[in-house]
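Below is one structure, written out as C-alpha cells, with a few remarks after it.
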Amino acid sequence: FTQRRHPTVSALQLAATPMAARGNGNKSELLNLLGDVKARVQDKLGVVDFPMPQFILLGKQSVGKSRLIEALAGEQFNFCSGTLGSRRPTVLEFRNVPSGRGSQWSVRNRVTNGWVDHSVQQVMKIIGDAHQELGTSVSTEPVYVRVQSPWCVDMQIVDLPGFRDFAHDQARQDLAGDIERLNQSFMADARNVMLCVEQAGDSATMATLSRCRKVDPYFKRTILIRNKLDKFYKDLTCDNVSKWVDGFGDLPSELVRFALTLPWWPEDADCPGDFAQLRDEKSMEDVREMEARQLSSKYMQTIGFESFAIFLEKRIEQLFGEAVGPVLANLKALTVSTEKKSAELQMEFTETDQHKMISTMRECATLFAHALTPVMEGSLSLTAKRMTLEQELKEFHRYHQSLCSSHFSMLPSDDFTSLDDYINYLGSEIQIGAFDVEVNGGAMYRR
C-alpha cells in the first residue's frame, strides 16, 4: 500500500505529515453520505442485512483502546461509563476537515436520528449516561458520535465493550458473558473488519487475537494493533528487531499488523501538551527508533500511528468501493418493492366504492343481529350447562346466599313462604311451559 500512495517518501517523512495536510473533503462527504444512507435504511425501514462494511474495535480492558480512539479523533476525551465500563456499541465517525479551526462534536438523537451539535463535555455525559442506564445489562442498540476536525482520520469505527477476563461477583460474571456474546455477534459478521488491540509483548498470549482467529482463521479481515511499543525499545537490537516485529514466528504471515506508541502520561497528571502533536511525535519517535535499529524496510511501513492511519484510509476506500455495488442493489430492490406496494395501495383506494362499503357494513350488522336467534334458542344437542327451571332457581338462590345478597328479594312476592312453595306454584298450579325440560344458553333466559 505504501508504494501505491507514496512511492518516494520515507517512513519518517510520512510520519511528519500532519493529518490536516492529507485531508480529503470528498472522502469525508462520501463517508457522511454512506453512513447516513445506512442509518436511514436500517432505522426507518428496519433492514438489518445491509451490506455496509465497518471497522469494529476489539480488546480487553486497559489495553489502550480508548487512547487509540483519542488518537484517531486527534484530541483527548473520555466517555466515562462508571466502574462497569461500556455496555453497548459506540459508533464513532471521524471526519477530517482541513479548513476547520477546531473540533465539532455531534451526537445522533436516538429518537429523531438527526445529528445534534454539543460541546465535548456534553457529548461525554450523553454517551456516559447511555451506558450507565443499562445497569449490569448490555444492549445491541448503538450510540452515534461524530467528530469533525483538522486532526481526525477519515474513518468510522464501532467501539465495542472491552472483554472482561476477571469478575469479582456473579453480577459481573454475567455481564462479562453478555459482553462476550455481544462482541461475538459483531465478530461473526463477515462484513466487519476487526481492529484487534493488544499490548506489544508475547504474541502467544494475545487473548483477543485468539478470539479473532476463531471467526477469521485466515485473518482476511483482522488487523492487529500492538500498543505500547516504546516499552520494548531497550530490548530491541539490530539482531532481533525484525524477529520481534514478526512475532518470533507466532504471528501468521498473512496477518496485517502494526506496532505503535500512543501518547501517555502519569495517571495523576494532565495531558502535558497538545494531544494531536504528542500523537505525531510518538509516531515519529517509533519510526526513528526502528530505523536506528535497522529494521527491514519490509516492516517499516507497519511502525507508528501514522502508518496505521494511512493504511486505514486506503482500506476504507477499498472496502467502500467494494460495497457500493451491493448497496445500490439493495437500494434498488427497496425502491422496487416500495413502488409496488404504493401502486397496490393506490389501486385499492381508487377501486373502493364508499356506497358498497356502507352496504357491506349494514349486511354484516344484520347477519350479526340474526345470529342472536339461535343463541337465544339454546343448543339442545349440548349436554353441558343444561338445567330444568327448578335446578336453575335453586342454583340462583344458592349463589346469592353465598354472597349474602340483601339488595333484592329472592321471591317475587310475600305470598310465597319459601323457594319450594314458589317452585311448586310454577310447576303444579300454573304449569309453566318447559318447566321440566333441560335447556341451556339463551333458551334459559327466554323461559
Side-chain angles (χ1 to χ4, degrees), residues 48-69 72 84-92 136-142 155-167 170 172-229 243-260 302 308 311-312 315-316 318-319 322-323 326:
V48 177
D49 189 21
F50 198 70
M52 185 73 73
Q54 61 186 1
F55 291 98
I56 58 174
L57 192 61
L58 301 165
K60 296 190 297 184
Q61 287 184 310
S62 304
V63 296
K65 279 202 312 136
S66 299
R67 189 53 51 85
L68 179 61
I69 293 174
L72 293 170
L84 296 178
S86 60
R87 280 145 281 173
R88 71 191 326 151
T90 303
V91 180
L92 296 121
T136 56
S137 63
V138 301
S139 172
T140 58
E141 181 186 0
M155 68 173 300
Q156 173 176 312
I157 63 172
V158 180
D159 181 28
L160 295 174
F163 292 107
R164 274 80 159 162
D165 287 339
F166 303 101
Q170 187 60 48
R172 291 175 184 264
Q173 291 176 12
D174 295 340
L175 176 61
D178 291 339
I179 289 175
E180 184 81 28
R181 286 183 286 273
L182 170 67
N183 291 354
Q184 288 291 340
S185 67
F186 278 82
M187 296 168 67
D189 190 335
R191 295 185 298 260
N192 292 337
V193 178
M194 297 178 285
L195 301 180
C196 173
V197 183
E198 297 275 13
Q199 290 191 13
D202 187 357
S203 304
T205 61
M206 294 182 176
T208 303
L209 184 62
S210 298
R211 291 182 171 98
C212 295
R213 187 195 294 267
K214 292 179 181 179
V215 297
D216 182 28
Y218 301 106
F219 297 110
K220 292 183 178 180
R221 53 187 184 90
T222 302
I223 301 172
L224 173 64
I225 300 103
R226 303 166 74 187
N227 189 22
K228 304 180 182 179
L229 171 59
K243 294 181 180 179
W244 184 90
V245 172
D246 201 30
F248 291 99
D250 292 327
L251 296 178
S253 58
E254 64 270 20
L255 173 63
V256 178
R257 83 293 298 266
F258 292 88
L260 50 83
T302 68
F308 170 66
F311 172 83
L312 286 185
R315 188 66 180 269
I316 289 169
Q318 175 190 349
L319 290 174
E322 295 171 351

Inset, instruction - Please test Phe308 against Leu72 for side chain to side chain contact (heavy atoms under 4.5 Å, CB included), starting from the C-alpha separation and ending with a verdict. - result: CA-CA 10 Å; Phe308 170 66; Leu72 293 170; 4.3 Å; yes
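- A distance of 7.0 Å separates CD1 in Ile225 from CG in Leu312, rounded to the nearest 0.5 Å.
- In this view, Glu254 satisfies the salt bridge (charged side-chain N to carboxylate O under 4.0 Å, His left out) rule with no residue, not counting sequence neighbours.
- The backbone N or O of Val245 lies less than 3.5 Å from a partner atom in the side chain of Arg226, making a donor-acceptor pair.
- The two atoms that bring Met187 and Arg221 nearest to each other are O-NH2, 2.6 Å, heavy atoms only.
- Between Ile56 and Asp189 there is no side-chain heavy-atom pair separated by less than 4.5 Å.
- Here the side chains of Pro161 and Leu182 are in contact, with some heavy-atom distance below 4.5 Å.
- Taken to the nearest 0.5 Å, the CG atom of Leu224 stands 5.5 Å off from the CG atom of Leu255.
- The CD1 atom of Ile69 sits 3.5 Å away from the CG atom of Asp159 when rounded to the nearest 0.5 Å.
- The shortest side-chain heavy-atom distance between Lys214 and Gln184 does not fall under the 4.5 Å cut-off.
- Under the 30°/60° scheme for interplanar angles, the aromatic rings of Phe258 and Phe311 are found to be tilted.
- Pairing each heavy atom of Thr302 with each of Arg257, the nearest pair is CB-O, 3.3 Å.
- You'll find the side chain of Asp174 stays beyond 4.5 Å of the side chain of Thr136, heavy atoms only.
- A donor-acceptor pair is defined here as one N or O able to donate and one able to accept, closer than 3.5 Å; no such pair exists between the side chain of Asn227 and the backbone of Val197.
- At least one donor-acceptor pair closer than 3.5 Å links the side chain of Glu198 to the backbone N or O of Thr208.
- The shortest heavy-atom contact between Ser137 and Leu175 is O-CD1, 4.1 Å.
- Screening Leu92, Leu68, Leu160, Thr90 against Leu57 for a side chain to side chain contact (heavy atoms under 4.5 Å, CB included) leaves a single residue, Leu68.
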Inset, instruction - Starting from the C-alpha separation in whole Å, work towards a yes-or-no answer on side chain to side chain contact (heavy atoms under 4.5 Å, CB included) for Phe55 and Gln156. - result: CA-CA 7 Å; Phe55 291 98; Gln156 173 176 312; over 6 Å; no
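- Contact detail for Ser86 and Ile179: the closest heavy-atom pair is O-CD1, 4.1 Å.
- Nearest heavy-atom pair across Leu58 and Cys212 is CD1-SG, 4.0 Å.
- Between the side chain of Asp216 and the backbone N or O of Thr222, at least one donor-acceptor pair lies under 3.5 Å.
- A pairwise comparison of heavy atoms in Ala207 and Lys60 identifies CB-CD, 4.5 Å as the closest pair.
- Here the side chains of Arg213 and Phe219 are in contact, with some heavy-atom distance below 4.5 Å.
- Residues Lys243 and Asp246 are not paired through a salt bridge, judged by the lack of any N-O separation under 4.0 Å between the basic side chain and the carboxylate.
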Inset, instruction - Would you check, one step at a time, whether the test side chain to side chain contact (heavy atoms under 4.5 Å, CB included) holds for Val63 with Phe163? - result: CA-CA 10 Å; Val63 296; Phe163 292 107; over 6 Å; no
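- In this structure, the side chains of Ile223 and Arg315 come closer than 4.5 Å at one or more pairs of heavy atoms.
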Legend entry - Step-by-step side chain to side chain contact (heavy atoms under 4.5 Å, CB included) determination, Met194 to Val215: CA-CA 10 Å; Met194 297 178 285; Val215 297; 3.8 Å; yes
